[in-house]
Amino acid sequence: MRRTPEITLPLRINPADGTLPEQVAAQLRDLISADVLAPGDPIPSSRALAQHLGVSRGSVVAAYDQLLAEGYVSAAAGQGTVVNPQLRRVHPPAPLPKPRRSEPAPAALLDLRPGRPWTGDLVGPQWKAAWRRAANAPADAQPPGLGLPELRRAWSDHLRRMRALVRDPDSIAVTGGGRDGLALILLALQRPGFRVGVEDPGYPSLRRVPARYGAGVVPLPVDEHGLITNRLPAQGEAPELLLVTPSHQYPLGGSLPMDRRQELLEWAHDHRVVIVEDDYDSELRYTSSPLPALAALDDPVDGRVVLLSTLSKTITPALATGFLALPQWLVPAVAAIRSDLGQPQGLVSQRAIAEFLQVGALRIHTQRMRQRYRRRRAEVVSALRDRPGLAVYPMDGGLHAVVETERDEAEVVSELAARGVVVSPLSQYWSQAGSRRGIVFGFGAVTAAELATGLHQIAEVASSPALPTATPRKAD
């Protein structure tokens, strides 16, 4: 016979509040009406509840009889008492207020906010096998501070193959994503007066992390090629840490030329600045092969560059998994922080991701997604390139598009939202009010039909009769 699990209910008896059966019935009725007890949930036996409350069993039986008569509970021989499975028919919930006839029905939501990849083709035989074997492995081990050795070796190999970066697995740290990785570096380096340089415009969520750890934020200008390295702060004014996106500047899309990369590295070494290279989507390029990482130009022992990468764009943000490729001098400090705070990634996910990497499944998945996103990019360019009043930024890679418009930015965003299309305003990517106005939208996580619908709405709402007097180079 199946044993019914013991249930503890928050019932209290007060002799001044009426008879015992009335109190028990009223409190159970309130729990059922508040959905604390759902239809079909078992109710404690009258003997168990009487013992728990310290009252006679007869009082509880009387309360149950009252609730049974009202249709709140039901009982069957040998099955105990349960909340009536047909409760919603006997006591239907109060109807929601009807909308006013003058209010139009909201449009279907099409979320085109940037940052989401396509995950519809992710779950295949290799993905399932990796997670199945990871879940069946022994569950009594503790995750190592810097991460599972097999995963660190697999990521080291991945960086060598895909990013031309040779790093010892011992210098790799597994993180809980991009923000966790940046926070780990901040904690390892931070001291009073610590300042962090950020690109302006830049990635809003990462830009907010330093302030949460008490660091000052120093906005640094970018142009169509990325960070303007000849305008970096001089001696005495340089920040202690600099967060950059050299392979694909976020959100404008520029790629830092080689002369600027060399100038940036020289500046960092001269001023003892640690560079955090945010490698968020560098493998998703459409016009050429992925560019070598900035860290590949730096010394693996005494260098100044930390490569920060995640699986959010190549696989899914749901994994909340990232990596740091550290210069060796920084490894002990990061390891000490991890020892104190613990490893945020469980062993099951680390084992599964390690196997997914080891069998080459991530490289195959990335190649397949690159082809898909290349088609989506072409659809964006085709739909918006020749629209009057719009300037589409070059899209050499990534999952988002940037479009400047002559129309008021807030009006464009608001009107698109009213039509059921959600995008991000371009101005929000600057630390202060940006001089450029437009929208940023993602094209990775939607079907071809959904993207076509969104692009039609964007073209209608954002375009205006006249072309801008000065526009960035258009995408082709």
ask   = Judged by atom type as modelled, is there a donor-acceptor pair below 3.5 Å linking the side chain of Glu240 to the main-chain atoms of Arg195?
value = yes
message = Measuring only between side-chain heavy atoms, which start at C-beta, is Val123 closer than 4.5 Å to Lys128?
response = yes
inquiry  = Nearest 0.5 angstrom please: Trp329 CH2 to Arg304 CZ, how far?
reply    = 4.5 Å
inquiry  = Taking Thr245's backbone N and O only, do any of them form a donor-acceptor pair with Tyr280's side chain (distance below 3.5 Å, no angle check)?
reply    = no
Side chain proximity check, Leu159 to Ile172, heavy atoms < 4.5 angstrom = yes
Set of salt bridge (charged side-chain N to carboxylate O under 4.0 Å, His left out) partners for Arg207, sequence neighbours left out = none
Any residue meeting side chain to side chain donor-acceptor pair (under 3.5 Å) with Arg161, in chain and number order, not counting sequence neighbours = Asp157
request  = Could you tell me which residues satisfy salt bridge (charged side-chain N to carboxylate O under 4.0 Å, His left out) with Glu224, sequence neighbours excluded, listed by chain and number?
outcome  = none
query = Parallel, tilted or perpendicular: which describes the rings of Trp155 and His158, with under 30° parallel and over 60° perpendicular?
reply = parallel
task = Apply the test side-chain contact (heavy atoms from CB on, under 4.5 Å) to residues Leu37 and Leu9: give CA-CA distance (whole Å), side-chain angles for both, the deciding distance (0.1 Å), then the verdict.
result = CA-CA 9 Å; Leu37 290 172; Leu9 298 176; 3.9 Å; yes
note = When rounded to the nearest 0.5 Å, the distance separating CD of Gln371 from CZ of Arg374 is 6.5 Å
Could you pull out all donor-acceptor pairs under 3.5 Å where a side-chain atom in residues 315-326 meets a protein atom, sequence neighbours excluded?
from, atom 1, to, atom 2, distance (Å)
Thr316, OG1, Ala318, N, 3.0
Thr321, OG1, Leu319, O, 3.0
Thr321, OG1, Gln345, OE1, 3.1

request  = In plain terms, say whether Arg163 and Asp279 are close enough for a salt bridge, that is, a side-chain N and a carboxylate O under 4.0 Å apart.
outcome  = yes
request  = With rounding to the nearest 0.5 Å, note down the distance linking OG in Ser463 to CD1 in Ile458.
outcome  = 11.0 Å
task = Look only at the side chain of Arg261 and the backbone of Leu297, and say whether a donor-acceptor pair between them is shorter than 3.5 Å.
result = no
Side-chain donor-acceptor pairs under 3.5 Å in residues 226-237, sequence neighbours left out?
from, atom 1, to, atom 2, distance (Å)
Thr229, OG1, Glu263, OE1, 2.9

inquiry  = In the structure I gave you, are the side-chain heavy atoms of Trp430 and Pro219 within less than 4.5 Å of one another anywhere?
reply    = no
ask   = Using 4.0 Å as the upper bound for N to carboxylate O, is an ion pair formed by Arg375 and Glu379?
value = no
task = Could you tell me whether the side chain of Leu455 reaches within less than 4.5 Å of the side chain of Phe443, counting heavy atoms only?
result = no
query = How close do Glu411 and Arg407 get, heavy atom to heavy atom, and via which atoms?
reply = OE1-NH2, 3.3 Å
query = So do Trp131 and Ser349 actually touch side chain to side chain, heavy atoms under 4.5 Å?
reply = yes
task = Determine whether Leu189 and Leu330 make a side-chain contact, defined as any pair of heavy atoms from C-beta on separated by less than 4.5 Å.
result = yes
task = Using the side-chain hydrogen bond (donor to acceptor under 3.5 Å, both in side chains) rule, collect all pairs that involve residues 169-190, keeping only residues at least two apart or in two chains.
result = Asp180-Arg338
inquiry  = On a heavy-atom basis, which atom in Val402 and which in Pro251 lie closest, and how many Å separate them?
reply    = CG2-O, 3.1 Å
query = Out of curiosity, Met258 CE to Leu294 CG, how far, rounded to the nearest 0.5 Å?
reply = 9.0 Å
ask   = Which residues pass the side-chain contact (heavy atoms from CB on, under 4.5 Å) test with Pro143, sequence neighbours left out?
value = Gln343, Leu347, Gln350
query = Is Leu341 close to Leu187 at the side-chain level, that is, under 4.5 Å between some pair of heavy atoms?
reply = yes
ask   = Is it true that a side-chain atom of Ser156 and a backbone atom of Arg167 form a donor plus acceptor pair closer than 3.5 Å?
value = yes
ask   = If only atom types and distance count, is the side chain of Gln249 paired as donor or acceptor with the main-chain N or O of Leu252 below 3.5 Å?
value = yes
ask   = Distance from Arg377 atom CZ to Met395 atom CE, nearest 0.5 Å?
value = 5.5 Å
key: Ala335: partners by side-chain contact (heavy atoms from CB on, under 4.5 Å), with sequence neighbours left out   = Leu146
ask   = Checking side-chain contact (heavy atoms from CB on, under 4.5 Å) for the pair Leu148/Val174: CA distance, chi angles, key distance, verdict?
value = CA-CA 8 Å; Leu148 188 70; Val174 180; over 6 Å; no
inquiry  = Using salt bridge (Lys or Arg N to Asp or Glu O under 4.0 Å), reason through Arg351 and Glu355 one step at a time and then give a plain yes or no.
reply    = CA-CA 6 Å; Arg351 286 170 177 152; Glu355 178 172 332; over 6 Å; no
ask   = salt bridge (Lys or Arg N to Asp or Glu O under 4.0 Å): which pairs involve residues 306-324, sequence neighbours left out?
value = none
query = Can you list the steps and then say if Asp396 with Arg285 is a side-chain contact (heavy atoms from CB on, under 4.5 Å)?
reply = CA-CA 6 Å; Asp396 296 335; Arg285 290 189 64 81; 3.7 Å; yes
ask   = Just wondering, do Gln126 and His365 contact through their side chains at under 4.5 Å, heavy atoms?
value = no
ask   = What's the shortest heavy-atom distance between Gly398 and Asp281, and which atoms?
value = CA-OD2, 2.9 Å
remark   = Here the gap from Met369 atom CE to Leu362 atom CG, rounded to the nearest 0.5 Å, amounts to 11.5 Å
query = At their closest point, which heavy atom of Ala38 faces which heavy atom of Val83, and how far apart are they?
reply = O-CB, 3.3 Å
Arg160 atom CZ, neighbour heavy-atom count above 12 within 6.0 Å = yes
note = Note: Ala462 and Thr405 closest approach over all heavy atoms is O-OG1, 2.5 Å
Residue pairs, two or more places apart or on separate chains, that pass ring-ring contact (aromatic ring centres under 6.0 Å, His included) and touch residues 166-187 = none
Flag for Glu283-Thr314: side-chain donor and acceptor within less than 3.5 Å = no
message = What verdict does the side-chain contact (heavy atoms from CB on, under 4.5 Å) test give for Ser255 and Arg260, after you've listed the backbone C-alpha separation in whole Å, the side-chain angles of each residue and the deciding distance to 0.1 Å?
response = CA-CA 10 Å; Ser255 178; Arg260 291 198 191 184; over 6 Å; no
key: By salt bridge (charged side-chain N to carboxylate O under 4.0 Å, His left out) - contacts of Asp299 (at least two apart)   = none
inquiry  = Testing Leu110, Ile439, Val422, Leu112 one by one against Leu416 for a side chain to side chain contact (heavy atoms under 4.5 Å, CB included), which residue passes?
reply    = Ile439
inquiry  = Applying ring-ring contact (aromatic ring centres under 6.0 Å, His included) as the test, list every pair that has at least one member in residues 161-219; sequence neighbours left out.
reply    = Tyr203-Tyr250
Heavy-atom closest contact (Asp223 atom, His225 atom, distance) = OD1-N, 2.8 Å
